[in-house]
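What follows is a single structure, written as structure tokens, with notes after it.
Because only heavy atoms are used, hydrogens play no part in the values below, and waters and symmetry mates are left out as well, while side chains stay in. First the proteins, then the strands, lettered A, B, ... as listed; each starts at 1.
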Amino acid sequence: MALSKHYEPAGIESKWYAHWSDSRYFNSFPDHRPPFTVVIPPPNVTGVLHMGHTLNETVQDILVRRARMMGFNACWVPGSDHASIATEARVVAMLKEKGIDKNSISREKFLEYAFEWKEKYGSIIYDQIARLGCSVDWNRVTFTMDDHYYKAVIKVFVELFKKKMIYRGARMIHWDPSARTALSDEEVEYREVEGTLYFIKYMVEDSTDFIVIATQRPETIMGDTAICVHPSDPKYKHLLGKKIIVPLIHRTVPLITDEYIDMSFGTGALKVTPAHDINDYNLGLKHGLAVIDTLNEDGTLSEAAKIFVGMDRFEARKKVVEKLKEEGFLLKEEPYSTRLGFSQRSHAVVEPRISTQWFVKMKPLAAPALNAVVSGKIRIHPAEKFNATYKYWLENVKDWCISRQLWWGQRIPAWYDSNGNFVVAESESLALEAYQDQYGLLAVHDELIQDEDVLDTWFSSWLWPIEVFRGITNPENADLKYYYPASVLVTGQDIIFFWVARMIMAGLEFKHEIPFPDVYFTGMVRDKQGRKMSKSLGNSPDLLQLIDKYGADAVRFGIMISAPAGNDLLFDEAGLEQGRNFNNKLWNALKLIRIWGDRLESSDKKVSTSDPGVFATEWFDNRFSQAKTEINKLFSEFKINEALKSVYTLYWDDFCSWYLEWVKPGFEQSMNPGIYDKTILFFEELLLWLHPFVPFVTEEIYHLLRTREPHDDLCIKQMLPETSSNPSVLEAGEKLRLFLTVGREFRQQQQLKNSEAITRLVMPKEIFGETESLYAIIRKQLNCTKIEFKEGSYIGDSEIHVIPFHSHQIGFESHKKQDAPNRKAELEKELSYYKGFLESLNKKLSNERFVLNAKQEVIDLEKKKKADTEEKIAAILLTLKA
RNA sequence: GGGAGCAUAGCUCAGCUGGUUCAGAGCAUCUGCCUUACAAGCAGAGGGUCCGCGGUUCGAACCCGUGUGCUCCCACCA
């Protein structure tokens, strides 16, 4: 069968993914092998995979596939997150298009629509995960609103409530007026915004005196309940104890003092609006001020505002300014830039608002979670970048607002009677029992009503590594015991607090065990110019289109090759092209080897010691071992992109450019079967090491390389263990490669055509020793008919001499150009080089600090270098004398 | 305002314990090649005040100080 000119991924990818799935290779069950568990960071059910996910999933798949091939029972659990606010917003919008108002339908009806919507769109991400080649266990798909998961969240809520770690209370929280729900602190994003600072005149009661207040939010003046100045501010000394009149509404408020005030900012006087600013709220608490909430849930002005009631907050701002202007209270306006909080989900400007919400006490959870990282039980990669951040957040953590005024999510399991007494229980019937225990019989005409609110999405996600194995709902099950804790968590650094820290808390709190020993943070994926990927910029490519264009392997390759651990990566399609080229390079080696297969010598012919393949195979064997050690080390340090680079070089340079060229039979010559078999083994093993990165092309090639038994598939083959490599063979290989490079250069300089042979090559034997096969490579690669070994002599005039210089560089010179003085100069140059080196070594070794601080092996190494150098100097001196 | 990280070739980055395997890799660029697996390739080349300044040291890309610039996190002063 003739193979196509280029590797064409389209049909091949779907074929193998189907085969892998049908063969249940990725379905894991507990057995005698050690487990390797990864839980996917569940993408939002609303979304499609963007390049950030692509990077994450690729990293996970590389780790999972590699573990599977190293003898672990690999289990990668896929799933998705119900993403309460984001999804609810999408469903509300969808209903609106249909002409349905959310408030006009029942909660039950709404949830029906939501689940319907989820069924329709939730599978998109799963298709994408499959297209990317992810080896997830599709039997374990988990959704955070699955029945068992729902129960787990409720169970945990009740448990924490019983431990008094959840409480209900009125607090100032971030309010999203668009989604009409509370938000946690982490769900608020701050952005720099150009605004205006308004200077407003507040009259002093019974006086013509006034105080000027600077504010950005004049629409909140109706909620003012005090004016505050610094106690020692001379500007306001004479007014202390007076009353101030709020403009427009003519409310009389006290003038209070507090050290909190910055005398130099604005006018040094602050209007205190406890209902609409966190700092004002705290001042209000301290000074016992009234709280007047002038806003409704949707951001319109409330009755309490007295004027512009029902008007949107931003509209009202304009009107208030106009009115202040009319009445002469507005003194001036200044442009002012400030940071405003926006809802991460709805992007509306958030309002600080006092409301009754449910909170989790974080201090008791934070301490063990902090300790897990500080003590090194959990290792974060890269540590230097995130350890400090993690530590700081946990040391300064505030209570977590977990209630959301939404319908899509786990409904808070609290039941209230008409007097506001409440109980928390896992079900309504249990609630009734609990109520009776606590408050006695429910009044005849009363009933228990469940809390309308649902829980923060992250209050469900934090159970992910446990409940995907039913560890909350069925704590003693075999899966949990086998798979928990997970082996590694791979996720984006942006959710370190939302998710990672809280999973660690949950793991320790509910299972008394860390959820994973290693956390690998991937960077943000940005575009070529370093901008964030976003829909509005149109710089976020469509994953499926990329896969169609380049193939999944190329996408995986492209994104990994440019993703240094923990650093942001600039996404550039050039990387995918490189990946495509790489896949093609694999394809072509396959073609070459198959051609050799058709040109085998009769099988009884032995390999002669002068066959180039003898040294070539020995060298590559050693080179491969060396590379394995290196790659394993890189993986253990989670330097996955460097591991890819390493295996890339091993394949392209070492295997293709050197090894294959060395063993390649000459024109119209046949291939030695022994060398051929060895080559296939090398190639197969290379495929094993490449497979985690580029699974499809390697599987395809594996099957085209020779006929296979059914289910002899690459993705479940075991990698051979690391072996030690022989340094002297490696060194000879290095020298040989250098020799050939310089030799080729020399041919070029001499303008020798490929067909023109070098008739005689004169070289000292000590460069390579007695390796017959190695000289065969030189002869073949440099097209040289004869090599002669001479000790530093120069004969004839049509030959080429090989001159060694420096430690292991090799120079060629044609005899014509070679003069004795030149030779002497070369040696002298060399001598001064070695002398300089020796001097530096001596200094280093005689340096007290070096000797004291360096490890013994380092010192030994330096000593060895010194001895070698001395030897070389002696040899050169000897030659010079002669 | 507090904290963290970064600054090395046009771009993205390696560079362990300070030294001569230290000035590197990949990509990009340029030059020459359709050489019997591969032009999605091969063979070469150019390109750097290792951000500036000062210090420690026999010796600094590496350690210390300082300045500058960038990035991120936290806090959110009207």
Heavy-atom pair with the smallest gap, counting every atom of [X] and [Y]:
X: A/Phe557; Y: A/Gly579; result: CD2-CA, 3.2 Å
X: A/Ala366; Y: A/Val397; result: CB-CG1, 3.7 Å
X: A/Leu283; Y: A/Leu270; result: CD1-CD2, 3.8 Å

On the six-membered ring of A/Phe342, is A/Arg191 placed so that its NZ or CZ lies under 6.0 angstrom from the centre and within 45° of the ring axis?
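Pair A/Arg191/A/Phe342 counts as cation-pi.
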Which whole-number value in Å describes the distance from [X] [atom1] to [N] [atom2]?
X: A/Leu738; N: B/A43; atom1: CG; atom2: P; answer: 15 Å
X: A/Leu586; N: B/G41; atom1: CG; atom2: P; answer: 12 Å
X: A/Trp587; N: B/A37; atom1: CH2; atom2: C1'; answer: 12 Å
X: A/Asp494; N: B/A4; atom1: CG; atom2: P; answer: 22 Å
X: A/Arg737; N: B/G44; atom1: CZ; atom2: P; answer: 12 Å
X: A/Phe386; N: B/A4; atom1: CZ; atom2: P; answer: 15 Å
X: A/Leu644; N: B/C27; atom1: CG; atom2: P; answer: 12 Å
X: A/Gln578; N: B/A40; atom1: CD; atom2: P; answer: 15 Å

As a test of reading the structure: which of [options] is closest to the side chain of [X], going by heavy atoms?
X: A/Tyr260; options: B/G15, B/A75, B/A78; value: B/A78
X: A/Ala388; options: B/A4, B/C38, B/A75; value: B/A4
X: A/Lys398; options: B/C73, B/C72, B/A75; value: B/A75
X: A/Ile278; options: B/C76, B/G15, B/A37; value: B/C76
X: A/Lys664; options: B/C73, B/A37, B/C38; value: B/A37
X: A/Lys645; options: B/A37, B/C13, B/A40; value: B/C13
X: A/Tyr336; options: B/A40, B/C74, B/A78; value: B/A78
X: A/Leu570; options: B/U12, B/A78, B/A40; value: B/U12

Does either side chain, that of A/Tyr550 or that of A/Glu573, offer a donor lying less than 3.5 Å from an acceptor on the other one?
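Yes - a donor-acceptor pair under 3.5 Å links their side chains.
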OP1 or OP2 of [N] under 4.0 Å from side-chain N/O of [X]:
X: A/Thr741; N: B/A43; value: no
X: A/Tyr648; N: B/C27; value: yes
X: A/Lys271; N: B/C77; value: no
X: A/Lys5; N: B/A39; value: yes
X: A/Trp652; N: B/C42; value: yes
X: A/Asn279; N: B/C77; value: yes

Once you apply the 3.5 Å cut-off to both distances, tell me the Watson-Crick or G-U wobble partner of B/U71, or none.
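For B/U71, the partner nucleotide comes out as B/A4, under the 3.5 Å rule.
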Under 4.0 Å between any heavy atoms, over every strand shown, what does [X] touch: base, sugar-phosphate, or nothing? Just pick one.
X: A/Cys228; answer: nothing
X: A/Thr338; answer: sugar-phosphate
X: A/Ser562; answer: nothing
X: A/Tyr392; answer: sugar-phosphate

Take atom [atom1] in [N] and the same atom in [M], then report the distance between them in whole Å.
N: B/G41; M: B/G59; atom1: C1'; result: 45 Å
N: B/A75; M: B/A60; atom1: P; result: 44 Å
N: B/G47; M: B/C62; atom1: P; result: 24 Å

With distance as the sole criterion, do the side chain of [X] and the base of [N] form a donor-acceptor contact below 3.5 Å?
X: A/Arg580; N: B/A40; value: yes
X: A/Glu661; N: B/A37; value: yes
X: A/Lys585; N: B/C38; value: yes

For atom NZ of A/Lys235, is the number of surrounding heavy atoms from other residues, nucleotides or ligands below 6.0 Å larger than 12?
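Buried by this count: over 12 neighbours within 6.0 Å.
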Rounded distance [0.5 Å steps], OH in A/Tyr7 versus CG in A/Asn581
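These two atoms lie 13.5 Å from each other.
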